[in-house]
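If you read the sequence from its start, that first residue is 1, and numbering goes on from there. Predicted, not measured: the structure shown is a model, and the values here were computed from it.
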Amino acid sequence: MTTTEQLDPAAVETFAGRAVADAATWMATTMTMLGDRLGLWRALADSRPVTSAELAARTGTDERYLREWLAAMTAHGYLTHDPAAATYLLPPAHVPVLATESPAHLGGLHQALYGLTGMLGPVLEVFRTGGGVPITAYPPDWFQGLERFSAGWFDFLLPQVWLPALPELEAALRRGADVADIGCGRGRALVRLAERYPAGRYTGFDVHPESIAAAEAAALAAGVADRVRFECLDVSGGLPGSYDVITTFDVIHDAADPRGILDAVHAALRPDGRYLCLDINSSHRLQDNQGPIAAYFYGVSVLYCLTTSLAHGGAGLGTCGFPEHTARELCAAAGFGTVRRVEMENPFNILYEITH
């Protein structure tokens with residue numbers, strides 16, 4: 001047992017400094033979430049100097065609170081400050097990350113994290129009792145934030161980067177494929193596919209009724225409701241119909257019954273069909289999952305991915321629970337013959353093309 005006398009004071013001081021820095025980062029992220037929620041980043045997107053009073057008038061916020069928020073963001077390096085003019089500026093390089101929709105935009109992530117903050121109490125309770133927190137307990141901000149965050153995938157990466165790397169799958173879409181998206185959420189992926197490949201027929205499945213309702217509204221607003229439909233259904237017991245293309249985007253690791261979903265995909269995929277699976281970029285070995293991104297994954301797992309699976313008596317894979325090693329094992333067990341990892345530069349995700 002380590003005693004106080006055996007401790008290295010320098011090591012304690014070093015770790016204490018790191019823990020304080022981590023706490024400061026949490027606070028900066030919390031302030032960033034408030035900026036997204038209040039529209040402050042959007043109001044700063046022109047990268048012009050502005051006083052606290054001018055920004056308060058522009059955003060309909062209280063100047064004194066805003067001045068303190070501006071100070072926090074300046075101290076963290078998100079904003080720059082001109083003391084002589086008492087102005088603040090969002091640097092141009094920070095705009096696509098914080099203020100405007102782009103592949104780098106993190107506004108959706110911040111909204112999702114805002115939604116997760118209210119789940120600390122329920123998750124704390126299941127630490128003591130076991131079980132989990134059901135998906136129906138999560139607030140709209142969580143689901144809306146996830147849609148905004150994944151918009152970068154579906155608006156910028158899916159059509160321009162991922163599908164060109166999958167020529168046979170893309171050719172099927174151009175011809176007019178029957179497509180199913182499992183865990184479709186608020187429908188953005190299918191809406192984008194239907195816009196780009198109008199000859200296809202698209203069906204989205206999800207277990208969350210509110211997301212299905214939002215997906216139907218999105219398809220109607222985009223003018224693609226004639227070829228896109230959505231259904232509230234747990235497909236782990238089987239998919240209705242058969243399909244040329246089936247997709248799951250960050251779904252399998254969340255699922256209560258991942259093997260059941262893979263079995264359903266295998267059964268519903270036509271002999272020459274293709275299953276496109278996006279999941280978390282992680283390893284099956286904890287020692288390989290180190291650093292800030294891995295720590296974030298495990299934290300989100302505790303607060304959502306793991307607990308929602310366990311709430312339904314599920315496998316509880318967790319956010320890092322479907323790495324390539326496990327994906328190949330479970331896909332082989334489900335009867336798939338080929339699992340091809342698609343080469344791409346992405347620290348967050350792995351993309352697979354899977355066939356019979």
Test item: R201 side-chain N/O and G176 main-chain N/O as donor-acceptor pair under 3.5 Å = yes
Joint hydrophobic cluster, L190 plus V224, side-chain heavy atoms closer than 4.5 Å | yes
T248 side chain to Y275 side chain, donor-acceptor N/O pair below 3.5 angstrom = yes
Among side-chain atoms of Y298 and N289, is any donor-acceptor pair under 3.5 angstrom?
-> yes
Between the side chains of D181 and T247, is a donor N or O closer than 3.5 angstrom to an acceptor N or O?
-> yes
Aromatic centroids of F249 and W153 separated by under 6.0 Å = no
Side-chain donor-acceptor pair present, D250, N349, cut-off under 3.5 Å = yes
How far does CG of L157 sit from CH2 of W162, to the nearest 0.5 angstrom?
-> 5.0 Å
Same cluster for L106 and L116 if Ile/Leu/Val/Met/Phe/Trp/Tyr side chains link at under 4.5 Å?
-> yes
Indicate the atoms forming the closest heavy-atom contact of G35 with W41, along with that distance.
-> C-CD1, 3.4 Å
Mind checking the CD1-CG spacing from I261 to D234? Nearest 0.5 Å is all I need.
-> 6.5 Å
Give, for atom CZ of R67 and atom OG1 of T61, the distance between the pair rounded to the nearest 0.5 Å.
-> 12.0 Å
State, without any angle test, whether Y197 and E170 hold a side-chain donor-acceptor pair at a distance under 3.5 Å.
-> yes
dist L70:CG -> L66:CG (nearest 0.5 Å) comes out at 4.5 Å
Within 6.0 Å of CZ in R64, more than 12 heavy atoms from elsewhere | yes
Are the charged groups of R175 and D244 less than 4.0 angstrom apart, N to O?
-> no
Which pairs pass side chain to side chain donor-acceptor pair (under 3.5 Å) with one or both residues in residues 77-95, sequence neighbours excluded?
-> none
